Amino acid sequence: MSEPVTPTEVMIVAAARQLAGERVCFVGVGLPNVVCNLAKRTVAPGLDLVYESGVFGAAPARLPLSIGDPTLVTGSTAVTGMFELFAYYLQAGLVDVGFLGAAQIDRYGNINTTVIGDYAKPTVRLPGSGGACEIAINARKVFVIVRQARRSFVERLDFRTSPGRSGDPEHDRRRGWFGNGPSLVVTDLGIYGFDEATGEMTLRSLHPGATLEDVRAATGWEMRAAEPLGETPAPTPEELRILREELDPEGVYTGRREGDARR
Amino acid sequence: MSEPVTPTEVMIVAAARQLAGERVCFVGVGLPNVVCNLAKRTVAPGLDLVYESGVFGAAPARLPLSIGDPTLVTGSTAVTGMFELFAYYLQAGLVDVGFLGAAQIDRYGNINTTVIGDYAKPTVRLPGSGGACEIAINARKVFVIVRQARRSFVERLDFRTSPGRSGDPEHDRRRGWFGNGPSLVVTDLGIYGFDEATGEMTLRSLHPGATLEDVRAATGWEMRAAEPLGETPAPTPEELRILREELDPEGVYTGRREGDARR
Amino acid sequence: MPGKLTTMREAVAELVRDGDTVAIEGFTHLISFAAGHEIIRQRRRDLTLCRMTPDVIYDQMVGAGVARKLVFSWLGNPGVGSLHAVRRRVERADPEPLELEEYSHFGMVCRYLAGAANLPFFPLRSYYETDLPRANPLIRPLRSPYGEETVYVVPPLRPDVAIVAVQRATEAGDAQIWGLLGCQREAAFAARRVIVVCEEVVGEDVVRSDPNRTAIPGLIVDAVVHEPFGCHPSYAQGYYDRDNRFYLEWERVSRDPEALERWLEGWVHGLSSHREYLEKLGEERLRSLRPAERWSGRVHYGDYGGAAAGAFPAEGGGG
Amino acid sequence: MPGKLTTMREAVAELVRDGDTVAIEGFTHLISFAAGHEIIRQRRRDLTLCRMTPDVIYDQMVGAGVARKLVFSWLGNPGVGSLHAVRRRVERADPEPLELEEYSHFGMVCRYLAGAANLPFFPLRSYYETDLPRANPLIRPLRSPYGEETVYVVPPLRPDVAIVAVQRATEAGDAQIWGLLGCQREAAFAARRVIVVCEEVVGEDVVRSDPNRTAIPGLIVDAVVHEPFGCHPSYAQGYYDRDNRFYLEWERVSRDPEALERWLEGWVHGLSSHREYLEKLGEERLRSLRPAERWSGRVHYGDYGGAAAGAFPAEGGGG
């Protein structure tokens with residue numbers, strides 16, 4: 001365990017801890033997959049994982065290479081068509097927590113995973129919504145996990161793929177969705193919540209070694225910070241052991257090797 | 001084979017012959033079940049039977065006691081949920097012929113299987129639509145099989161459960177349904193078609209022994225008759241053998257014993 | 001997930017309340033008569049009973065006075081005749097009126113699906129130029145936003161309780177069905193509370209050996225009741241046949257209110273459980289309903305644990 | 001029903017035409033790369049390609065110039081990175097523009113379902129307060145006839161051709177799938193023409209031994225192609241694993257137009273069939289993808305031929 005802890009590992013561990021007490025989690029591609037499986041082995045043993053691909057109650061015998069990995073199917077509790085999955089599980093409100101990634105996120109938790117630049121003529125064409133748009137609207141809680149930088153934490157989105165808060169909490173409640181925008185954002189610098197009065201993103205806790213200046217430098221607007229500001233407890237040796245030895249021995253997701261963390 | 005031929009047997013045989021050359025038939029409860037299975041063993045060996053209950057390509061090892069009989073499932077080609085059956089098979093236009101029964105039918109092939117008398121306070125409460133309403137609208141051809149009597153062939157329906165023709169063929173074509181009302185009615189007295197110009201039911205062929213007077217006496221309106229009027233060829237010994245020995249040895253449907261032929 | 005295994009008496013006592021909207025589904029196949037009888041035995045009142053095909057079980061429940069209203073699409077004793085207890089109440093308000101809310105088969109299916117999917121309405125191509133929308137104003141026309149076309153829509157059906165019979169389930173409620181599927185899955189997902197009634201309680205390993213067979217996840221199940229022959233006189237594919245003799249006899253029983261009363265006394269109120277009902281039917285009759293053996297093949301899911309590669313499945317369908 | 005068994009070359013030549021709307025579905029699982037390669041080999045043009053997740057196969061087809069337009073919901077190389085051939089055309093019109101029609105996953109699923117069910121639109125709870133309806137005017141709001149609520153609707157998707165890979169099928173096209181189901185069934189029922197590509201051709205007896213496993217009836221199938229390992233580098237549950245090495249390598253290949261050209265030359269145009277593609281991959285690599293054995297259990301359907309009653313199934317899940 002002499003290997004130094006990477007910012008991505010802190011991000012994953014911090015996100016996993018937030019799943020304590022949650023029941024049903026909707027798992028998308030990439031980092032959330034690792035986060036949910038770490039939580040299941042630590043703070044949330046009873047967590048039921050619903051995979052976008054149609055698997056419920058997966059018992060993977062290896063780290064899934066994608067959310068459609070055959071190891072998620074063999075030995076699972078149920079495999080269902082994608083209509084049933086999105087309609088009966090997600091749209092019907094059975095999902096307690098849904099995870100979203102983001103290429104851009106604004107202060108209200110609105111998310112862009114579609115394009116950088118103009119939609120008709122983008123400078124960068126991103127993957128698009130996938131299930132993100134309906135997860136944002138139908139999951140009872142939405143957690144965002146994203147690496148923080150000025151280009152991702154922006155004042156204005158180039159495109160709104162997944163709705164967050166409107167800035168008017170009263171309006172948000174009236175929307176009648178199961179949730180009302182993301183309640184948590186975890187980055188490689190800190191943990192963020194949203195102010196109930198203004199609906200604005202607020203720094204709650206800094207990761208070990210990160211400073212308020214790092215956060216401000218990596219945010220495209222004046223980030224609010226809670227007082228007193230908490231510090232994220234460092235990953236425990238046990239959390240790191242599970243993450244490094246059981247879940248991601250090759251370091252695909254933990255940033256110890258080049259990999260992809262996009263939705 | 002000395003046993004006399006019953007009117008119901010003639011009706012069943014006459015209806016079965018009309019399935020010659022048809023591909024996919026939607027099978028409801030009662031008589032149609034026998035008619036389709038007789039056709040499959042005689043004039044339409046390639047006929048695919050779709051059972052309302054969700055079975056496709058059934059290979060029954062005995063006469064099914066109902067359209068939900070387990071013998072329809074074992075050894076069948078496919079079993080599907082009822083949504084898929086009604087949506088992907090019937091509503092999508094895969095069904096060439098659908099059968100309807102009737103408590104009341106009018107000259108345009110509109111059918112009542114809901115109530116006799118006032119809907120709110122009926123003198124006789126009938127089963128209702130079941131799948132009849134959507135069969136009438138979505139099957140490419142609709143065949144009606146019904147015992148003929150003044151109380152069933154009526155001038156005015158007490159309730160319209162399944163739509164027939166409107167009396168305006170132009171309107172019927174504009175409806176944009178796969179079919180446009182029943183194309184055939186088979187009773188225990190004769191075989192009826194519909195006049196393309198007026199959309200009105202027309203006697204095409206009398207069963208052996210039945211007369212035009214019998215038909216008029218059993219019809220609540222002035223029944224039109226084609227000229228020349230055909231005579232329905234009597235059931236062949238082979239048709240009767242299959243019907244009596246293979247399909248309905250107990251005479252449940254053929255009228256040789258009390259049974260139910262309602263939809 | 002904790003075990004939810006309980007008795008029918010407990011399950012009904014806890015989960016079915018006076019005035020509830022209850023769906024005991026199953027299209028000919030897997031109709032939980034055991035649940036219906038327990039609801040009668042506990043003398044529930046003012047229930048709204050939902051089923052595509054109110055069958056003998058609802059005739060019994062209506063005759064026993066548990067129901068205020070039926071939501072349905074086909075009212076009869078399939079292949080036999082009428083439901084006379086229902087007809088007496090509808091035609092002559094004898095002994096009291098019975099409210100009806102009527103759809104077509106596809107309409108009912110779509111209502112369950114909309115309930116399961118949390119949709120405010122569901123579109124279908126039915127009801128054109130019929131009296132059904134007049135008889136039931138909840139059936140409404142809706143213009144397509146993509147052109148001239150108009151379809152009809154039905155509202156979601158969300159029962160307070162769905163009671164679904166299945167062949168096998170785990171103690172956690174993960175349930176598998178084969179043979180006719182009816183609307184079991186849609187009704188379960190649409191309901192606020194779910195009782196799974198199974199012919200067999202099996203270990204998780206059985207369910208996990210074939211996850212594509214799972215129709216209902218324990219996640220949405222409140223109680224699991226182990227009730228062998230629990231669907232008699234309906235049937236369970238591979239376990240027992242429909243007892244058609246009973247359906248034929250019912251025609252006679254339900255025609256006569258006193259005969260119906262006597263039947264309820266002798267077969268429901270006079271007994272304490274479905275176990276006793278089966279004892280009264282007799283082992284002989286039950287044995288006569290068992291089918292001969294005919295098993296499905298197996299399919300190969302494969303072990304993707306990164307273990308050494310195994311043999312290539314020669315015949316996916318081989319036993 | 002006559003046999004429909006044919007070669008991929010014949011099937012594509014007869015059923016896939018220039019300008020067609022084509023759906024090669026399969027969510028990670030059962031993606032028919034063999035079909036995509038044959039379409040490239042036959043140099044089809046101006047296709048509109050539909051998939052929830054345009055995967056490496058569509059990056060190859062777009063790079064090969066067969067496509068005019070994509071209809072999709074998530075554009076990427078799952079777990080790896082980008083589809084660079086697609087991005088070049090979208091970001092820089094290099095070598096020519098590529099039209100995009102974009103939905104969310106659930107939106108695409110609902111489009112196939114509406115196509116399969118012959119519905120003029122399908123409602124879902126998505127798209128609220130996003131830019132997607134602006135980017136795609138076919139995503140429209142619709143007010144519920146049962147109150148204040150507004151949902152969004154998507155139009156039916158009816159491909160000219162759907163190409164669905166399955167584990168096994170009969171010569172008549174009755175196809176069975178297990179593991180991830182994706183939208184195979186919905187896409188097949190929605191399409192005007194259907195090509196089923198199977199890992200195994202089995203006898204009717206195999207399919208009829210487990211009718212609940214049948215996803216697609218031969219009734220809607222125009223051609224059946226037997227193509228073992230036909231989904232490589234995607235996978236077929238129980239038959240072989242996803243070849244992730246290929247997905248990782250593709251990131252490098254598709255970044256460089258010349259490398260992509262060389263790859264198409266060497267692996268598609270330079271070969272005459274999927275058989276040759278597999279020979280080039282080598283038996284060793286294929287063997288390394290085979291999973292260890294893990295079979296499902298069997299279920300008891302029962303023989304209802306009126307034969308003597310058989311043994312009661314002791315363990316419905318027993319092998």
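Remember, it's a predicted structure, so these values are computed and weren't measured experimentally.
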Among [options], who wins on heavy-atom pairs under 4.5 Å with chain C?
options: Arg208(D), Gln176(D), Glu149(D), Arg125(D); result: Arg125(D)
options: Arg140(D), Gln167(D), Arg143(D); result: Arg140(D)
options: Val207(D), Leu142(D), Leu124(D); result: Leu142(D)

Quick check on [X] against chain C: is it the side chain, the backbone, both or neither that has a heavy atom closer than 4.5 Å?
X: Pro120(D); result: both
X: Ala114(D); result: neither
X: Leu181(D); result: side chain
X: Val151(D); result: side chain
X: Asp205(D); result: neither
X: Gln237(D); result: both

Mind ranking Leu119(C), Ile177(C), Asn212(C) by heavy-atom pairs under 4.5 Å with chain D and telling me who comes out on top? Asn212(C)

Evaluate the ring planes of Tyr128(D) and Tyr152(D), with Trp represented by its six-membered ring, and classify them as parallel (under 30°), tilted (30 to 60°) or perpendicular (over 60°). perpendicular

Atom group of Pro155(C) that falls short of 4.5 Å from chain D, counting heavy atoms: both

Please determine whether side-chain contact (heavy atoms from CB on, under 4.5 Å) holds for the pair Val71(C) and Thr48(C), giving the CA-CA distance in whole Å, both sets of side-chain angles, and the decisive distance to 0.1 Å. CA-CA 7 Å; Val71(C) 180; Thr48(C) 293; 3.8 Å; yes

Cationic N near anionic O, under 4.0 Å, [X] to [Y]:
X: Asp243(C); Y: Arg285(C); value: yes
X: Glu101(D); Y: Arg111(D); value: yes
X: Arg158(D); Y: Glu186(D); value: no

I want to check a possible cation-pi pair here: Arg242(C) against Tyr247(C), using under 6.0 Å from ring centre and within 45° of the ring axis as the test. yes

The single option from Asp241(C), Thr28(C), Ile31(C) that satisfies side chain to side chain contact (heavy atoms under 4.5 Å, CB included) with Ser234(C) is Ile31(C)

Under the ring-ring contact (aromatic ring centres under 6.0 Å, His included) test against His232(D), which residue among Tyr277(D), Tyr239(D), Tyr240(D) passes? Tyr277(D)

